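Each remark here refers to the structure printed beneath this line.
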Amino acid sequence: MTSLTHILSGIVGDVFDKLELPKDLGTVKVSDRPDLAQFQCNGAMAAAKIAKKNPREIAQTICDALLQNDIFSKIEIAGPGFINLNLTDEFLQSHLKSMNTDDRYGVPILGEGQIILDYGGMNVAKAMHVGHFRPNVIGDCLRSLLRFAGYDALGDVHLGDWGLQMGQIISEFEIRHPDWPYFDKSYKGNYPPEPLFTYQELEKIYPEASQACKDNKDRLEQARQATVKLQDGHAGYTALWQHFIDLSLEDIKDNLAPLNIDYDIWKGEACVHHFIAKIAEDMHARNISEISNGATIIPVSEQGDKKEMPPLMFFKSDGAVTYGTTDIATIYDRIKLYLDLKKMIYVVDYRQNLHFEQVFRAATKAGYTTDIDMLHIGNGTVNGPDGKPFKTREGKAMTFRDLVNTVIAKAMARLDEADLATDMSDEARQEIARKVGVAALKYTELSNQPHMDYIFDIDRMTAFEGKTGPYLLYQAVRIKSLLKKAEENNLTIADDFKIEAKDRALALLLSEFSDTVKLAVRQYSPHFLCEYAFNLAQAFSSFYAACHIMSEQDESLQASRLKLCAMTHDILEKILNILGIHIPEKM
RNA sequence: GCGCCCCUAGCUCAGCUGGAUAGAGCGUUGCACUACGAAUGCAAAGGUCGGAGGUUCGAAUCCUCCGGGGCGCACCA
């Protein structure tokens, strides 16, 4: 099962091949000029250069050969040498039929093996904020997309649970609660199974501890020592620290729940701590690392570099680790655990670009990632309608929870405005609002290219009109409703298609599904799927406005149209699922 | 100083290996509901693709320079 463009490229490519021209010049794509043709091939112009002939002449030779094939209803040469192709409806019908027998609607398996996606960037004891939104949504979507493509894609939260900040919080607790058993050297019993503080208290203590360490050198030294003790396995500190992790994970999961975002690997930086000494020793022995100004560094500049490439810091001059150290150790951990690992993809703010370049080079230099693609997808920032970083009305940084809740509340207000879903229970209605809000959020996020900054406009994204998540949900629900009615009236949904002029545009667009998925996978960019889903919804809406379906007298045409509706719905649902958007039964 | 990213319609953004008349949504103007959900559809107006050179039969796309904006450059993650 392949796409129409793939089939056509094969046919046209063979003709180029017979003329002793490169086969890939026969690449066929959907026409840029749908008023002129369904498909086009631009290869004759490039071939003209190679063969030193007139492009229209070459195009004519190719057209003559293609005319032998009866799948074409029309072949024309236009302009300097475009080959315009139209298919017969019979061929289109048979193609749709074969697509329909495939539960992937023609999308081939595009790859296999494991891929680790490292996204989110959450930290222990630090509330999730607006900056966590983009990597979470993009990373989660890429996970679904790559799974659909055939890979075993695993999301790794790679929690920031290590380093000085942990020592800062521990020492702050020790100052405030010296009587707690965690700090009693002679304590022999079990530590409290439940924390003696709430997440809210923890989250509040962190910035206070951090500030105290900035203000006072002795206080900072105290935090350093606590960090060292924690890293050396101090039992009380470890027990206390475990509470930080437990409370933080609970809060993170609670934040992510409304968005249905999940991870497969809930490990933190601390998990790889015990590898660090071994890695350091190995790096030293193989002269990969060196000592500079008292620090251990991995030089990563290469000959031919156009820019200055600072080394990766492995141990600071005080012996402490940095996030580069844990990134390297994490890579080491992953290659030992995941034996079929093909790629590691980091979805992290683009400002980390240099850091990841250093890490990737260091990992390659150490020989860890010779067969593994390392990729940093740098996401841009979310700005408010004024083009500046997104803030609350009071001017504070927006928390993740507020961001999501604000949009869900807006979605509910939209339901009220439109007098929708009023016959439902409050609970059911709240669930619709959540789905609409999440659709609004995710569609906005994913329809932008990851690396671009974008403007967060709640009014626009929650609108039911235009290129929005809610519009897509509306179209999908409308189709669902139509199909339900057809079923109630015992109408037949055919497996065969009957394509007439009014059906053609939708049918052709349905056949582009697999090309779109391929493109999105190849570029790691879900925005192609967003664009396609919108075009599909809109094409359906035009089709729906132009055609009688339930009242169509020609039974085979009616059955075919119902099938087109069903296919549109299914493909829309598949794409929305990849985007992490779920369609309600009704709304 | 070195490097990365961005600049496309009034606004927000697409534009995949260079191709025909540069697209979409919003907004604006007009048209269409006694058909299956009008939360819709149809149509119009709106662009020297930041600027200048270059490569090419052909450039929003590739190269060079310039302008404007954002960001990053070993001991914070």
Side-chain angles (χ1 to χ4, degrees), chain A residues 24 27 29 31-33 35-36 40 42 45-46 48-49 55 78-82 84 121 123 160 162-165 210 269 292-299 305-324 326 349-355 357-358 378 380-381 385 387 414 417-418 420 444 447-449 451-455 457 459-460 463-468 470-471 473-475 477-483 485-486 489 515-516 518-520 522-523 525 527-528 530-531 534-535 538 541-552 565 586-587:
Chain A
D24 63 356
T27 301
K29 62 174 196 168
S31 178
D32 292 330
R33 295 285 305 273
D35 54 318
L36 298 180
Q40 68 185 81
N42 302 339
M45 271 111 51
K49 199 177 280 182
F82 298 102
N84 285 337
N123 293 301
W162 209 235
L164 182 65
Q165 67 268 31
S210 170
E269 295 177 303
S292 167
N293 296 332
T296 303
I297 59 166
I298 303 172
D305 274 347
K306 280 187 181 169
K307 57 185 172 185
E308 303 158 23
M309 182 59 68
L312 185 79
M313 179 67 52
F314 200 82
F315 291 131
K316 298 193 283 188
S317 49
D318 67 356
V321 301
T322 135
Y323 72 139
T326 50
D349 194 312
Y350 62 62
R351 286 171 291 196
Q352 299 293 325
N353 188 272
L354 178 61
H355 167 73
E357 198 166 352
Q358 292 172 296
T381 60
R414 295 281 193 193
E417 272 169 37
L420 278 173
T444 302
S447 55
N448 285 287
Q449 298 186 78
H451 72 276
M452 298 274 275
D453 294 346
Y454 73 85
I455 290 179
D457 185 332
D459 289 333
R460 195 188 342 239
F464 285 102
E465 311 82 33
K467 206 169 180 175
T468 68
Y471 168 86
L473 291 189
Y474 164 70
Q475 296 297 355
V477 169
R478 194 160 70 150
I479 303 172
K480 214 179 259 194
S481 166
L482 172 71
L483 291 169
K485 220 158 255 177
N489 291 326
D515 292 325
T516 307
K518 273 188 227 169
L519 186 59
R522 195 172 69 219
Q523 312 227 352
S525 197
H527 82 277
F528 292 107
C530 291
E531 183 78 13
F534 178 73
N535 290 338
Q538 221 177 24
S541 219
S542 301
F543 164 78
Y544 181 84
C547 299
H548 293 218
I549 300 172
M550 306 276 281
S551 56
E552 173 57 51
C565 292
K586 53 180 192 170
M587 56 191 270

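None of the values given here were measured: they were computed from a predicted structure. Each chain gets a letter, A, B and so on, in the order its sequence line appears, and its residues count up from 1. Just so it is clear, the values below take in all heavy atoms, side chains as well, and ignore hydrogens, waters and symmetry mates.
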Any side-chain N or O of R478(A) under 4.0 Å from OP1/OP2 of rA38(B)? yes
Side-chain contact check for K49(A): nearest option of rC73(B), rC57(B), rG41(B) is rC57(B)
Exercise for review: Name the nucleic acid region contacted by H355(A), choosing base, sugar-phosphate or nothing; use a 4.0 angstrom heavy-atom cut-off, strictly under.
Suggested key: nothing
Is the shortest side-chain heavy-atom distance between F314(A) and I297(A) below 4.5 Å? no
Regarding L519(A), tell me which of base, sugar-phosphate or nothing describes its non-hydrogen contacts under 4.0 Å with the strands shown. base
If you look at every strand shown and take non-hydrogen atoms under 4.0 Å, does A486(A) touch a base, only sugar-phosphate, or nothing? nothing
The reported gap from CG in N123(A) to CH2 in W162(A) (rounded to nearest 0.5 angstrom) is 14.5 Å
query: Reckon S447(A) touches a base, only the sugar-phosphate, or nothing at all at heavy-atom distances under 4.0 Å?
result: nothing
Looking only at rC26(B), rC75(B), rC71(B), the nucleotide nearest the A295(A) side chain is rC75(B)
Worksheet item: Are the ring of F82(A) and the six-membered base ring of rA20(B) within the stacking cut-offs of under 5.5 Å and under 30°?
Response: yes
- Message: Tell me if the NZ atom of K518(A) is crowded by more than 12 foreign heavy atoms within 6.0 Å.
- Response: yes
Here the salt bridge (Lys or Arg N to Asp or Glu O under 4.0 Å) pairs for residues 307-324 of chain A, sequence neighbours left out, are R224(A)-D318(A), K307(A)-E357(A)
Which of rG41(B), rG37(B), rC13(B) is nearest the side chain of A545(A)? It is rG41(B)
The side chain to side chain contact (heavy atoms under 4.5 Å, CB included) partner of L354(A) among Q352(A), Q358(A), R351(A) is Q358(A)
Against the side chain of M452(A), the closest entry in rA77(B), rA14(B), rA74(B) is rA14(B)
Here the distance between atom C1' of rG72(B) and atom NE2 of H451(A), to the nearest Å, is 16 Å
Margin query: Need one value for N293(A): base, sugar-phosphate or nothing, where a base atom within 4.0 Å counts as base even if backbone is also close, heavy atoms only.
Written below: base
From CD of Q165(A) across to C1' of rA77(B) the rounded distance in Å is 6 Å
Q.
Under 4.0 Å, counting only non-hydrogen atoms across every strand here, what does Q538(A) touch: a base, just sugar-phosphate, or nothing?
A. sugar-phosphate
Practice item. Scan L164(A) against the nucleic acid and name what it touches under 4.0 Å (heavy atoms): base, sugar-phosphate only, or nothing. Key: nothing
Taking only side-chain N and O atoms of S542(A), does any of them lie within less than 4.0 angstrom of OP1 or OP2 on rU40(B)? no
| query | Has the side chain of Q352(A) got a donor or acceptor atom sitting under 3.5 Å from an opposite partner on the base of rA77(B)? | reply | yes
Review point. With sugar-phosphate meaning primed atoms plus P, OP1 and OP2, does C547(A) contact a base, only sugar-phosphate, or nothing at under 4.0 Å between heavy atoms?
Key: base
The nucleotide from rC36(B), rC13(B), rG25(B) with an atom nearest the side chain of Y544(A) is rC36(B)
Closest non-hydrogen contact found for G466(A) with F534(A) is O-CE1, 3.6 Å
Closest to the 5' end of RNA chain B, once A418(A) and D35(A) are matched to their nearest nucleotides, is D35(A)
Are OP1 or OP2 of rA14(B) and a side-chain N or O of Q449(A) less than 4.0 angstrom apart?
-> yes
From CG of N448(A) across to P of rC6(B) the rounded distance in Å is 14 Å
Side-chain atoms of M550(A) come closest, of rG70(B), rC42(B), rC36(B), to rC36(B)
Walking RNA chain B from its 5' end, the first of N353(A) and Q358(A) to be reached, judged by nearest nucleotide, is N353(A)
Under 4.0 Å, counting only non-hydrogen atoms across every strand here, what does E269(A) touch: a base, just sugar-phosphate, or nothing?
sugar-phosphate
dist C565(A):SG -> R478(A):CZ (nearest 0.5 Å) comes out at 10.0 Å
query = Phosphate oxygens OP1/OP2 of rC26(B): is one of them under 4.0 Å from a side-chain N or O of Y471(A)?
reply = no
Taken to the nearest whole Å, CG/D453(A) to P/rG69(B) is 16 Å
Of the candidates rC36(B), rA20(B), rU12(B), the side chain of D32(A) sits closest to rA20(B)
Of the candidates rC26(B), rA24(B), rC16(B), the side chain of Q523(A) sits closest to rC16(B)
Out of rG1(B), rU40(B), rA20(B), minimum distance to the side chain of E308(A) belongs to rG1(B)
Does the plane of the ring in Y323(A) sit parallel, tilted or perpendicular to the ring in H355(A)? Use 30° and 60° as the thresholds. parallel
Exercise. Would you mind classifying the nucleic acid contact of S317(A) as base, sugar-phosphate or nothing, using non-hydrogen atoms under 4.0 angstrom?
Key: base
To the nearest angstrom, the NZ-P distance between K467(A) and rG15(B) comes to 10 Å
Closest of rA38(B), rA77(B), rU40(B) to the Q475(A) side chain is rU40(B)
> On a plain distance test, is the side chain of S541(A) in donor-acceptor contact with the base of rG41(B) below 3.5 Å?
Replying inline: no
_Please classify the nucleic acid contact of R460(A) as base, sugar-phosphate, or nothing, using heavy-atom distances under 4.0 Å._
base
Within the 4.0 Å heavy-atom criterion, would you say K307(A) contacts the bases, only the backbone, or no part of the nucleic acid?
sugar-phosphate
Read 5' to 3' with Watson-Crick or G-U pairs under 3.5 Å, [ ] for crossing pairs and | for partners on another strand, RNA chain B gives (((((((..((((.....[...)))).(((((.......))))).....(((((..]....))))))))))))....
When rounded to whole Å, the CZ to P distance for the pair F314(A) and rA77(B) reads 14 Å
The reported gap from CD in Q165(A) to OG in S210(A) (rounded to nearest 0.5 angstrom) is 9.0 Å
Taking every heavy atom of E269(A) against every heavy atom of T326(A), the minimum-distance pair comes out as OE2-OG1, 3.0 Å
When rounded to whole Å, the NE2 to P distance for the pair H527(A) and rG15(B) reads 3 Å
Per the glycosidic torsion and the 90° limit around 0, nucleotide rA45(B) is anti
Under 4.0 Å from OP1 or OP2 of rG37(B): is there any side-chain N or O of K485(A) that close? yes
Answer yes or no for this row: F528(A) ring on rC16(B) base, centroids under 5.5 Å, planes under 30°. no
Q.
Between rG3(B) and rA43(B), how far apart are the two C1' atoms, rounded to whole Å?
A. 49 Å
So CG of N42(A) and CG of D32(A): to nearest 0.5 Å the spacing works out to 7.5 Å
E552(A) atom CD is separated from rC36(B) atom C1', nearest whole Å, by 12 Å
Whether the side chain of N84(A) and the base of rA20(B) hold a donor-acceptor pair under 3.5 Å is what I'd like checked. yes
